[in-house]
Number of protein chains: 2
Amino acid sequence: MLYHYYRGASMQQTARKEMDERKGGRNSQLVFEVLAGSDRPMTAYQLLAVLRGQGLKAPLQVYRALDQLIDEGLVHKIESLSAFALCTHCEAASHEGAAFTICVKCGRTEEIHDTALGRLLGRLACKQGFRTTSTTVELSGVCEACSNG
Amino acid sequence: MLYHYYRGASMQQTARKEMDERKGGRNSQLVFEVLAGSDRPMTAYQLLAVLRGQGLKAPLQVYRALDQLIDEGLVHKIESLSAFALCTHCEAASHEGAAFTICVKCGRTEEIHDTALGRLLGRLACKQGFRTTSTTVELSGVCEACSNG
DNA sequence: AACCAGTATGTTATGTTATTACATTCGTCA
DNA sequence: TGACGAATGTAATAACATAACATACTGGTT
């Protein structure tokens with residue numbers, strides 16, 4: 001089931017630029033390209049299904065590639081979907097303040113970057129002496145297009 | 001593997017009060033009690049392992065109980081752990097503005113409730129015409145106790 | 001009581017997501 | 001060359017979640 005692969009060919013320019021210049025492994029490149037050609041997040045197994053054509057055979061190859069891309073800040077995991085999406089704010093120094101809207105109708109996500117959010121979460125953590133290393137902010141609901149349609 | 005069951009017997013009073021008065025099914029009661037006796041979130045299968053002693057046999061029994069408790073607002077799912085924790089802010093009218101800190105060392109979580117956070121997320125969603133139905137805010141890092149220890 | 005419809009629960013099987021463990025290859029540097 | 005560590009390949013399995021169907025309990029109606 002490839003779902004909606006290639007339906008949204010628009011490329012996230014910032015991540016694309018990063019990727020052209022990077023020297024990651026072949027599998028990371030492949031995973032990146034597939035995510036870039038998708039208009040919504042994909043699960044590791046959806047990626048694998050597509051990439052069997054390019055010789056990939058096992059989930060671990062995909063998970064390792066995703067780990068690398070996440071480490072490099074090129075990909076985000078959407079926890080509530082167990083799925084992965086390109087980062088659309090790669091120019092940002094950090095990913096603090098990153099958030100996602102997730103439409104339960106169409107499955108599309110949008111990444112938001114808001115410095116006030118980053119600061120607020122930082123303050124809240126600080127209040128209880130917590131040292132944050134990563135944040136997950138996900139809003140489930142209905143996107144504008146699906147509300148109107 | 002029961003992990004840390006019963007190590008933290010302190011009960012979240014607000015949720016406890018709600019539970020004493022509710023008329024849910026037996027399985028929901030059991031799941032609630034086990035979560036109440038745990039000092040950290042538990043996965044569905046950890047709950048099942050404990051509850052086999054009370055006659056539960058299948059994951060679905062636990063998942064259904066959890067779904068009910070979540071619907072009632074007594075339990076939260078921690079997405080990034082695939083685990084479940086009692087709500088410690090049951091008195092709050094809504095769960096907008098709820099957030100969790102998750103210590104990667106000790107596995108404990110703390111629930112935070114902050115109205116400014118709820119408002120900010122509402123504004124961010126609004127900006128892109130998104131109608132939010134539920135929010136997930138999770139901070140991974142190191143808690144104060146583990147930082148000092 | 002007998003019946004029915006609707007809801008909740010039990011049980012088996014299966015689907016989906018993620019990792020462990022170990023083998024192999026590849027690059028680098030003495 | 002050979003020794004080392006890092007990256008990659010492969011198989012097996014663990015961990016998380018749901019589908020599909022059976023059974024039992026509920027309250028209302030005749």
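Per chain, numbering begins at 1; letters A, B, ... match sequence-line order.
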Nearest-Å distance, [atom1] ([X]) to [atom2] ([N])?
X: A/Met42; N: C/dT16; atom1: CE; atom2: P; result: 15 Å
X: B/Asp71; N: C/dA8; atom1: CG; atom2: C1'; result: 14 Å
X: A/Gln61; N: C/dC22; atom1: CD; atom2: P; result: 19 Å
X: A/Tyr63; N: D/dT8; atom1: OH; atom2: P; result: 18 Å
X: B/Phe84; N: D/dC16; atom1: CZ; atom2: P; result: 10 Å
X: A/Leu48; N: D/dA11; atom1: CG; atom2: P; result: 13 Å
X: B/Leu66; N: D/dA17; atom1: CG; atom2: C1'; result: 11 Å
X: B/Glu72; N: C/dA8; atom1: CD; atom2: C1'; result: 14 Å

- Item | Under 4.0 angstrom between B/Asn27 side-chain N/O and C/dG10 OP1 or OP2 | yes
- Query: Quick one: is D/dT8 close enough that its OP1 or OP2 comes under 4.0 Å of any side-chain N or O from A/Gln68?
  - Reply: yes
- Message: Any N or O donor-acceptor pair under 3.5 Å from the base of D/dA14 to the side chain of B/Tyr45?
- Response: no
- Tell me which of B/Glu79 and A/Pro59 sits closer to the 5' end of DNA chain D, going by the nucleotide each one is nearest to.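 Checking each residue's closest nucleotide, the 5'-ward one belongs to A/Pro59.
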- Query: For residues B/Thr101 and B/Glu110, is any side-chain donor paired with an opposing acceptor at under 3.5 Å?
  - Reply: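 No, B/Glu110 and B/Thr101 have no side-chain donor paired with an acceptor closer than 3.5 Å.
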- For A/Phe100, ring-ring contact (aromatic ring centres under 6.0 Å, His included) partners two or more places apart: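 Counting only residues at least two positions away or on another chain, A/Phe100 forms a ring-ring contact (aromatic ring centres under 6.0 Å, His included) with A/His76.
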- Query: Looking only at heavy atoms, what is the nearest atom pair of B/Arg40 and B/Arg108, with distance?
  - Reply: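 B/Arg40 and B/Arg108 have their closest heavy atoms at NH2-NH1, 3.1 Å.
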- Task: Would you mind telling me which of D/dA20, D/dA17, D/dT8 lies closest to the side-chain atoms of A/Arg64?
- Result: D/dT8
- Which nucleotide sits closest to the side chain of A/Leu60: C/dA18, D/dT10, D/dA17?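 Given the options C/dA18, D/dT10, D/dA17, the side chain of A/Leu60 is closest to D/dT10.
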- Message: If you assign each of B/Lys57 and A/Thr43 to its closest nucleotide in DNA chain C, which residue comes earlier from the 5' end?
- Response: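 That would be B/Lys57.
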Donor-acceptor pairs under 3.5 Å, side chain of residues 138-148 of chain B to any protein atom, not counting sequence neighbours: which ones?
{"unit_1": "B/Glu138", "atom_1": "OE1", "unit_2": "B/Ser80", "atom_2": "N", "d": "2.9"}
{"unit_1": "B/Glu138", "atom_1": "OE1", "unit_2": "B/Ser80", "atom_2": "OG", "d": "2.5"}
{"unit_1": "B/Glu138", "atom_1": "OE2", "unit_2": "B/Glu79", "atom_2": "N", "d": "2.7"}
{"unit_1": "B/Ser147", "atom_1": "OG", "unit_2": "A/Arg131", "atom_2": "NE", "d": "3.4"}
{"unit_1": "B/Ser147", "atom_1": "OG", "unit_2": "B/Cys143", "atom_2": "O", "d": "3.3"}
{"unit_1": "B/Asn148", "atom_1": "ND2", "unit_2": "B/Glu144", "atom_2": "O", "d": "3.3"}

- Tell me what B/Ala44 touches on the nucleic acid: a base, only sugar-phosphate, or nothing, going by heavy atoms under 4.0 Å.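 Nothing, no nucleic acid heavy atom in range.
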- For the pair B/Tyr63 and B/Tyr45, name the ring-plane relationship: parallel under 30°, tilted 30 to 60°, perpendicular over 60°.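 Rings of B/Tyr63 and B/Tyr45: perpendicular, as their planes differ by over 60°.
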